[in-house]
Engineer: 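Sharing a structure with you now.
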Amino acid sequence: MEPILETINLTKRFGGLVAVSDVSLKVETGEIKAIIGPNGAGKTTIFNAITGVDPPTAGEIRLKGRKINGLKPYEIASQGISRTFQNVELFDNMSVLENVMVGRHPRTFSGLLSALFHLPKSIAEEKAIRDDAMERLAFVGLSSSAQELASKLPFGQQRVLELARAWATDPKLLLLDEPAAGLNSHEATVLADLILKIREKGTTILLVEHDMELVMDISDKILVVNYGKKIAEDKPEEIQDNQEVIKAYLGEDFKER
């Protein structure tokens, strides 16, 4: 079966700095794949290249076999890729519900004039967007906070809201950049369960994460990068026994945790 995402010799240079060097990876439809490695290893740069934020210097990126190099970020999003960021990026002055509705709007079809004059098609579509957003908030456990300002949510719930907004685009592939950053152990467990539930709904997931307990628990495969290069790619149980990975990132005491 053709992978949903494939990078071939992906390379990204910033002047004389090679942030990512010849990284090839495949993400199969329906799997959860993690990218791990030390700070500065090139993980987020890979995400930025895939989503068109920082187009690759060399190599190729394919979504369902179609090359997406050179597309604008919004064009890549329209092809079915959505993402979150390391730092929470919400619309603080909008409600929790409105934040999720924003994620849904790229999947609408009514034009500006239809919305401006409140034509029946636009009204019906806006209702459908609101209903869908409420269903997603219920799914992630935030429906009771729908009318609150996003800025008023506790940090852990803001992380969940950002995930719900990215998922609202109905992506084929959801990229999560350190989704557990700043969360306590209970919040990270809740998040891990939620990621698994979203995968069960048919969304393929690629994540960058430093919480190794979360990564080992939910990932089907793990890609390890160091100094911009791929050093290993395997199942979690194999990665945690890989001596090169232990030396570069996990540490000798990892398996004792």
Side-chain angles (χ1 to χ4, degrees), residues 3-5 23 25-39 41-44 46-47 50 81-88 136-142 153-167 171-226 230-257:
I4 189 169
L5 178 77
V23 172
L25 70 89
K26 292 181 180 180
V27 182
E28 303 296 337
T29 299
E31 78 173 346
I32 297 176
K33 189 162 203 169
I35 302 176
I36 66 172
N39 289 330
K43 304 180 299 296
T44 294
I46 292 172
F47 268 28
I50 292 170
I81 296 181
S82 186
R83 71 171 293 181
T84 64
F85 294 85
Q86 287 182 9
N87 298 317
V88 175
R136 292 177 194 269
L137 287 176
F139 186 87
V140 302
L142 291 178
L153 290 181
F155 180 76
Q157 291 185 1
Q158 289 186 8
R159 282 285 189 196
V160 171
L161 175 58
E162 188 174 43
L163 175 57
R165 185 181 62 185
W167 181 47
K172 299 173 185 173
L173 176 66
L174 179 58
L175 276 57
L176 305 177
D177 196 351
E178 297 191 25
L183 303 186
N184 61 38
S185 59
H186 172 71
E187 291 169 334
T189 298
V190 170
L191 180 72
D193 289 342
L194 183 55
I195 292 172
L196 288 170
K197 286 169 62 180
I198 289 175
R199 190 263 293 272
E200 289 172 4
K201 288 289 187 179
T203 303
T204 303
I205 295 169
L206 179 65
L207 75 150
V208 164
E209 185 51 68
H210 286 291
D211 184 330
M212 285 300 99
E213 183 174 351
L214 183 150
V215 167
M216 295 297 173
D217 283 348
I218 71 173
S219 301
D220 299 304
K221 290 283 188 70
I222 299 173
L223 171 74
V224 189
V225 292
N226 192 28
K230 178 169 74 173
I231 62 172
E233 184 175 11
D234 216 324
K235 295 179 180 179
E237 57 268 27
E238 302 299 330
I239 289 295
Q240 63 186 2
D241 287 330
N242 185 300
Q243 289 303 308
E244 188 174 2
V245 176
I246 290 171
K247 181 179 180 181
Y249 184 55
L250 295 180
E252 295 292 342
D253 61 344
F254 176 76
K255 292 199 70 174
E256 299 175 5
R257 297 179 186 178

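Remember, predicted model here, so these are calculated numbers, not experimental data.
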Engineer: E31 and K26: side chain to side chain contact (heavy atoms under 4.5 Å, CB included), yes or no, with the steps?
Structural biologist: CA-CA 11 Å; E31 78 173 346; K26 292 181 180 180; over 6 Å; no

Engineer: For V224 and N226: C-alpha separation, side-chain torsions, deciding distance, then whether side chain to side chain contact (heavy atoms under 4.5 Å, CB included) applies.
Structural biologist: CA-CA 7 Å; V224 189; N226 192 28; 5.9 Å; no

Engineer: Please name all residues satisfying ring-ring contact (aromatic ring centres under 6.0 Å, His included) with F155, sequence neighbours left out, ordered by chain then number.
Structural biologist: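 For F155 there are no ring-ring contact (aromatic ring centres under 6.0 Å, His included) partners, ignoring immediate neighbours.
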
Engineer: As a test of understanding, state which of L176, L175, L183, D177 forms a side-chain contact (heavy atoms from CB on, under 4.5 Å) with P179.
Structural biologist: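 By the side-chain contact (heavy atoms from CB on, under 4.5 Å) criterion, P179 pairs with just one of L176, L175, L183, D177: L176.
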
Engineer: Do the side chains of M216 and I239 get nearer than 4.5 Å, heavy atoms only?
Structural biologist: yes

Engineer: Can you name the nearest heavy-atom pair linking A166 to S82, along with the distance?
Structural biologist: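 Minimum heavy-atom separation between A166 and S82: O-OG, 3.0 Å.
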
Engineer: Provide the closest heavy-atom pair for N39 versus H210 in the form atom of the first, atom of the second, distance.
Structural biologist: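 Heavy atoms of N39 and H210 come nearest at OD1-NE2, 3.2 Å.
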
Engineer: Rounded to the nearest 0.5 Å, what separation is found between the CD atom of Q157 and the CG atom of L142?
Structural biologist: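 The CD atom of Q157 sits 5.5 Å away from the CG atom of L142.
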
Engineer: What's the shortest heavy-atom distance between P236 and S219, and which atoms?
Structural biologist: CG-O, 3.2 Å

Engineer: Short question: side chain of E162, backbone of R159 - any donor-acceptor pair under 3.5 Å?
Structural biologist: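 Checking the backbone N and O of R159 against the side chain of E162, no donor-acceptor pair under 3.5 Å is found.
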
Engineer: Say you draw a straight line from CG of L173 to OG1 of T29; how long is it, rounded to the nearest 0.5 Å?
Structural biologist: 9.0 Å

Engineer: As an exercise, state the distance from CG of L194 to OG1 of T189, rounded to the nearest 0.5 Å.
Structural biologist: 12.5 Å

Engineer: With a 4.5 Å heavy-atom cut-off, do V88 and L161 have their side chains touching?
Structural biologist: no

Engineer: Run the salt bridge (Lys or Arg N to Asp or Glu O under 4.0 Å) test against D193 and tell me which residues pass, sequence neighbours left out.
Structural biologist: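 If we apply the salt bridge (Lys or Arg N to Asp or Glu O under 4.0 Å) test to D193, skipping adjacent residues, there are no hits.
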
Engineer: Nearest 0.5 Å, what's the CD1-CD distance between I222 and E237?
Structural biologist: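 I222 atom CD1 to E237 atom CD measures 8.5 Å (nearest 0.5 Å).
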
Engineer: With rounding to the nearest 0.5 Å, note down the distance linking CD1 in I198 to CZ in F139.
Structural biologist: 6.0 Å

Engineer: Between W167 and R136, which heavy-atom pair has the shortest distance, and what is it?
Structural biologist: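 Of all heavy-atom pairs spanning W167 and R136, the closest is O-NH1, 3.2 Å.
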
Engineer: Can you list the residues that meet the salt bridge (Lys or Arg N to Asp or Glu O under 4.0 Å) rule with D211, with sequence neighbours excluded?
Structural biologist: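 Partners of D211 by the salt bridge (Lys or Arg N to Asp or Glu O under 4.0 Å) criterion come out as none, since no residue qualifies.
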
Engineer: Would a distance-only check, ignoring hydrogens and angles, find a side-chain to backbone donor-acceptor pair under 3.5 Å from K43 to L207?
Structural biologist: no

Engineer: Among all residues two or more places apart in sequence or in another chain, which pass the salt bridge (Lys or Arg N to Asp or Glu O under 4.0 Å) test with R165?
Structural biologist: none

Engineer: Could you report the tightest heavy-atom contact between E209 and I36, atom names first, then the distance?
Structural biologist: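 E209 and I36 have their closest heavy atoms at O-CG2, 3.6 Å.
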
Engineer: By salt bridge (Lys or Arg N to Asp or Glu O under 4.0 Å), which residues pair with K33, not counting sequence neighbours?
Structural biologist: E233

Engineer: Minimum heavy-atom separation for V23 to K230, with atom names?
Structural biologist: CG2-N, 4.1 Å

Engineer: Can you tell me how far apart CZ (F47) and OG1 (T84) are? Round to the nearest 0.5 Å.
Structural biologist: 7.5 Å

Engineer: Given V245 and D234, is the side chain to side chain contact (heavy atoms under 4.5 Å, CB included) satisfied, shown in steps?
Structural biologist: CA-CA 11 Å; V245 176; D234 216 324; over 6 Å; no

Engineer: Please list all pairs passing the salt bridge (charged side-chain N to carboxylate O under 4.0 Å, His left out) test where one or both residues lie in residues 214-223, with sequence neighbours left out.
Structural biologist: R199-D220

Engineer: Any side-chain to backbone donor/acceptor pair from Q158 onto L153? Under 3.5 Å, distance only.
Structural biologist: yes

Engineer: Applying side chain to side chain contact (heavy atoms under 4.5 Å, CB included), run through L163 and L191 and close with a yes or a no.
Structural biologist: CA-CA 9 Å; L163 175 57; L191 180 72; 3.9 Å; yes

